[in-house]
Amino acid sequence: MLTGPDDRIVLVDAEGCEVTIGDVLTRMEELRATELDRPLTFLSAGQSLTPVTDFLALLHLGWPVFLMDAGWTTEQRQRLIDLYRPGLILPGGPTGTNTPTHPDLAVLLTTSGSTGSPKLVRLAKRNIETNARQIAQSLGLRPDDRGVTALPLHYSFGMSVVTSHVLSGSSVLVTDKGLLDQDFFTDVDRCGVTHLPG
């Protein structure tokens, strides 16, 4: 999914910070340095550069990742940590456990409408890449395009905005502002966003 030179920009934020392919590759090496063997990783999927960079690094590494709603309470998170016993929690670190997972597993997402103890949907890397490719083709995404994270990363639609733009060679403005926030469209205009998910 990550193709192109190391200095290709894949993510930006409204403050002008940029993440390149080289930055994602560096993050992959940092994760490899934990010497974990393809751990199930719980990622608090906030709308900022760090978690989205971590997601791309984990996806490229082939480490299965559960995209947790960053707004969950400690109790909600702990319930799922106890149930699934991830080997790595981000932000955080290794947990000392490593639950075996299917070799095709890439991403776990909560189903829409999950309440109480969420139900999880399993996605394989090939499914994510096929979906991203189809979206990129149907939208005609080009390397000079830029998307925006108007939806959370832990939503399948929000995740697909990131994957389709990165796969097509374009970039994504990462923001925690929503469509109803006063500064959202100011940032969209200033940062050169060409595609708005809807």
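FYI, the numbering just counts along the sequence from 1.
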Result block: side-chain N/O donor-acceptor pairs under 3.5 angstrom for residues 165-173, not counting sequence neighbours:
| from | atom 1 | to | atom 2 | distance (Å) |
| --- | --- | --- | --- | --- |
| His165 | ND1 | Val161 | O | 2.8 |
| His165 | NE2 | Gly147 | N | 3.4 |
| Ser168 | OG | Ser164 | O | 3.2 |
| Ser168 | OG | His165 | O | 2.9 |
| Ser168 | OG | Ser170 | OG | 2.9 |
| Ser170 | OG | His165 | O | 3.0 |
| Ser171 | OG | Arg146 | NE | 2.8 |
| Ser171 | OG | Arg146 | NH2 | 3.2 |

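- Residue pairs that meet the salt bridge (charged side-chain N to carboxylate O under 4.0 Å, His left out) test with at least one member in residues 90-102, sequence neighbours left out, do not exist here.
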side-chain contact (heavy atoms from CB on, under 4.5 Å), that's the test. Do Leu109 and Leu120 meet it? Break it down for me.
CA-CA 5 Å; Leu109 295 175; Leu120 304 183; over 6 Å; no
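- Between atom CG of residue Leu67 and atom CG of residue Leu108 there is a gap of 8.5 Å, rounded to the nearest 0.5 Å.
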Test side-chain hydrogen bond (donor to acceptor under 3.5 Å, both in side chains) on Thr50 and Ser48 and set out the steps.
CA-CA 6 Å; Thr50 298; Ser48 64; 5.2 Å; no
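- Applying the ring-ring contact (aromatic ring centres under 6.0 Å, His included) rule to Phe55 yields no partners; only residues at least two apart in sequence or on another chain are considered.
- In the hydrophobic cluster analysis, where Ile, Leu, Val, Met, Phe, Trp and Tyr join through side-chain heavy atoms closer than 4.5 angstrom, Tyr155 is grouped apart from Val107.
- The CG atom of Leu2 lies 7.5 Å from the CE atom of Met28; values are rounded to the nearest 0.5 Å.
- Residues forming a salt bridge (Lys or Arg N to Asp or Glu O under 4.0 Å) with Arg77 (at least two apart in sequence, or on another chain): none.
- Pairs passing the salt bridge (charged side-chain N to carboxylate O under 4.0 Å, His left out) check and including a residue from residues 84-98, sequence neighbours excluded, do not occur.
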Please test Leu196 against Val148 for side-chain contact (heavy atoms from CB on, under 4.5 Å), starting from the C-alpha separation and ending with a verdict.
CA-CA 6 Å; Leu196 200 62; Val148 60; 3.5 Å; yes
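- Without hydrogens or angle criteria, Thr20 side chain to Arg8 main chain gives no donor-acceptor distance under 3.5 Å.
- Closest approach of Leu153 to Pro51, counting heavy atoms only: CD2-O, 4.3 Å.
- Partners of Asp7 by salt bridge (Lys or Arg N to Asp or Glu O under 4.0 Å), not counting sequence neighbours: none found.
- In this structure the side chain of Pro91 reaches within 4.5 angstrom of the side chain of Ser44, judged on heavy atoms.
- Among residues at least two apart or in separate chains, side-chain hydrogen bond (donor to acceptor under 3.5 Å, both in side chains) pairs with a member in residues 174-183 are Lys177-Asp187.
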Residues 121-136 side chain polar contacts: donor-acceptor under 3.5 Å, at least two apart:
| from | atom 1 | to | atom 2 | distance (Å) |
| --- | --- | --- | --- | --- |
| Lys125 | NZ | Leu59 | O | 3.3 |
| Asn127 | OD1 | Ala124 | N | 3.3 |
| Thr130 | OG1 | Arg126 | O | 2.8 |

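- The structure places CG of Asp23 at 9.0 Å from CG of Asp6, a figure rounded to the nearest 0.5 Å.
- The ring-ring contact (aromatic ring centres under 6.0 Å, His included) contacts involving residues 34-54 comprise Phe42-Phe66, where partners must be two or more places apart or lie in separate chains.
- Residues satisfying the side-chain hydrogen bond (donor to acceptor under 3.5 Å, both in side chains) criterion with Ser138, sequence neighbours excluded, are absent altogether.
- Taken from CG in Leu90 to OG1 in Thr53, the straight-line distance is 12.0 Å, to the nearest 0.5 Å.
- Here Arg32 pairs with Glu29 under the salt bridge (Lys or Arg N to Asp or Glu O under 4.0 Å) rule; sequence neighbours left out.
- Interatomic distance, CD of Gln78 versus CG of Asp82, reported as 4.5 Å (0.5 Å rounding).
- Going from atom CH2 of Trp63 over to atom CG of Asp54 covers 11.0 Å, rounded to the nearest 0.5 Å.
- Scored by the salt bridge (Lys or Arg N to Asp or Glu O under 4.0 Å) test, Glu30 finds Arg27 as partners (sequence neighbours excluded).
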